[in-house]
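These notes are about the structure you will find just below.
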Amino acid sequence: MKYETGIYERKKYPGQLLFGMGFLIGVILPNFIYRTQWRQSTASSMYLMGIFSGDNSAEYFWQVLKMRGGIFLLAACSGVTIFGMPVAIMGMLAGGVLIGMLLTVSVLQFGLNGGLIGAGLLFPQYLLYLPCMFIGLEQIYSCSKRLWKNRSFSAGQITGYLLRMLFCAALCLAGILLEVYCNPKITEILIKNLKIF
């Protein structure tokens with residue numbers, strides 16, 4: 001009977017493995033395709049991230065909310081379709097690749113100081129984004145897996161899925177607030193103190 005429960009199925013989601021593989025790809029890939037154009041765009045984007053929201057916090061908030069919120073909403077809706085499993089797998093891989101690439105390109109461009117600033121670009125919002133990603137994609141995978149196995153949903157399972165997605169949405173929104181109002185200040189402090197420009 002335990003094989004029918006969502007708890008058993010959630011244990012089968014290889015989220016950590018997928019994220020680790022994605023991160024490894026993100027670390028290795030820039031070492032092979034790193035070019036001058038990447039270096040210039042990395043420097044510019046890191047500098048702009050550090051100073052952008054100082055004067056336009058509201059506009060920056062709506063941009064980040066549209067981008068991250070739109071991705072979250074599409075992923076959450078995919079959980080009740082057959083597309084949820086591929087979305088969960090690709091989403092976890094992509095998350096690892098993006099974080100690995102950001103850190104690696106930062107180090108390639110600016111050395112150890114760049115690595116610190118690259119890590120600063122992820123702080124503190126990724127303290128909430130990562131749990132949101134792991135919990136949310138695991139739920140999406142498990143829910144969609146039922147459709148792949150031709151199982152139906154009970155009202156309780158749908159309600160549980162929606163409640164867990166609401167919890168993830170709250171984590172995502174808190175992460176967006178941290179990204180908009182805290183992260184640029186932290187990044188600006190790091191850029192000024194580490195003197196990479």
Given side chains that start at C-beta, do those of [X] and [Y] come closer than 4.5 Å, heavy atoms only?
{"X": "Phe19", "Y": "Met133", "value": "yes"}
{"X": "Tyr141", "Y": "Glu138", "value": "no"}
{"X": "Phe123", "Y": "Thr187", "value": "no"}

To the nearest 0.5 angstrom, please state how far the [atom1] atom of [X] sits from the [atom2] atom of [Y].
{"X": "Met101", "Y": "Asn31", "atom1": "CE", "atom2": "CG", "value": "10.5 Å"}
{"X": "Asn193", "Y": "Ile117", "atom1": "CG", "atom2": "CD1", "value": "9.5 Å"}
{"X": "Phe23", "Y": "Leu93", "atom1": "CZ", "atom2": "CG", "value": "14.0 Å"}
{"X": "Leu163", "Y": "Ile158", "atom1": "CG", "atom2": "CD1", "value": "11.5 Å"}
{"X": "Ile176", "Y": "Tyr60", "atom1": "CD1", "atom2": "OH", "value": "10.5 Å"}
{"X": "Tyr161", "Y": "Cys143", "atom1": "OH", "atom2": "SG", "value": "5.5 Å"}

Do you reckon [X] sits in the same ILVMFWY cluster as [Y], going by side-chain contacts under 4.5 Å, direct or chained?
{"X": "Met92", "Y": "Met21", "value": "yes"}
{"X": "Leu137", "Y": "Trp148", "value": "yes"}
{"X": "Ile71", "Y": "Ile135", "value": "no"}
{"X": "Leu73", "Y": "Ile140", "value": "no"}
{"X": "Ile89", "Y": "Ile82", "value": "yes"}

What verdict does the side-chain contact (heavy atoms from CB on, under 4.5 Å) test give for Leu178 and Leu128, after you've listed the backbone C-alpha separation in whole Å, the side-chain angles of each residue and the deciding distance to 0.1 Å? CA-CA 9 Å; Leu178 289 175; Leu128 298 178; 3.6 Å; yes
Might you point out which heavy atoms bring [X] and [Y] nearest each other, and give the distance in Å?
{"X": "Leu102", "Y": "Leu122", "value": "CD2-CD2, 3.5 Å"}
{"X": "Ile186", "Y": "Pro124", "value": "CD1-CD, 3.7 Å"}
{"X": "Gly115", "Y": "Val107", "value": "CA-CG2, 3.5 Å"}
{"X": "Ala76", "Y": "Met165", "value": "CB-SD, 3.8 Å"}
{"X": "Cys172", "Y": "Cys132", "value": "CB-SG, 4.0 Å"}
{"X": "Pro30", "Y": "Leu108", "value": "O-CD1, 3.9 Å"}

| task | Would you check, one step at a time, whether the test side-chain contact (heavy atoms from CB on, under 4.5 Å) holds for Leu116 with Phe110? | result | CA-CA 9 Å; Leu116 293 173; Phe110 302 110; over 6 Å; no
Checking the side chain of Ser144 only, and the main-chain atoms of Gly79 only, is there a donor and an acceptor separated by less than 3.5 Å? no
Any side-chain to backbone donor/acceptor pair from Asn183 onto Gln125? Under 3.5 Å, distance only.
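Side chain of Asn183 to backbone of Gln125, a donor-acceptor pair under 3.5 Å: no, none is there.
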Open item on the list: Does the plane of the ring in Tyr126 sit parallel, tilted or perpendicular to the ring in Tyr129? Use 30° and 60° as the thresholds.
Closed with: perpendicular
Heavy-atom count around Met90 CE within 6.0 Å, excluding the residue itself: above 12? no
Got a sec: does the CZ of Phe134 have more than 12 other heavy atoms crowding it under 6.0 Å?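 Yes.
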side-chain contact (heavy atoms from CB on, under 4.5 Å), that's the test. Do Leu130 and Ile99 meet it? Break it down for me. CA-CA 11 Å; Leu130 286 176; Ile99 291 173; 4.0 Å; yes
TODO: Take Leu173 and Leu65 through the test side-chain contact (heavy atoms from CB on, under 4.5 Å) and record every step on the way to the result.
DONE: CA-CA 8 Å; Leu173 181 58; Leu65 182 64; 4.2 Å; yes
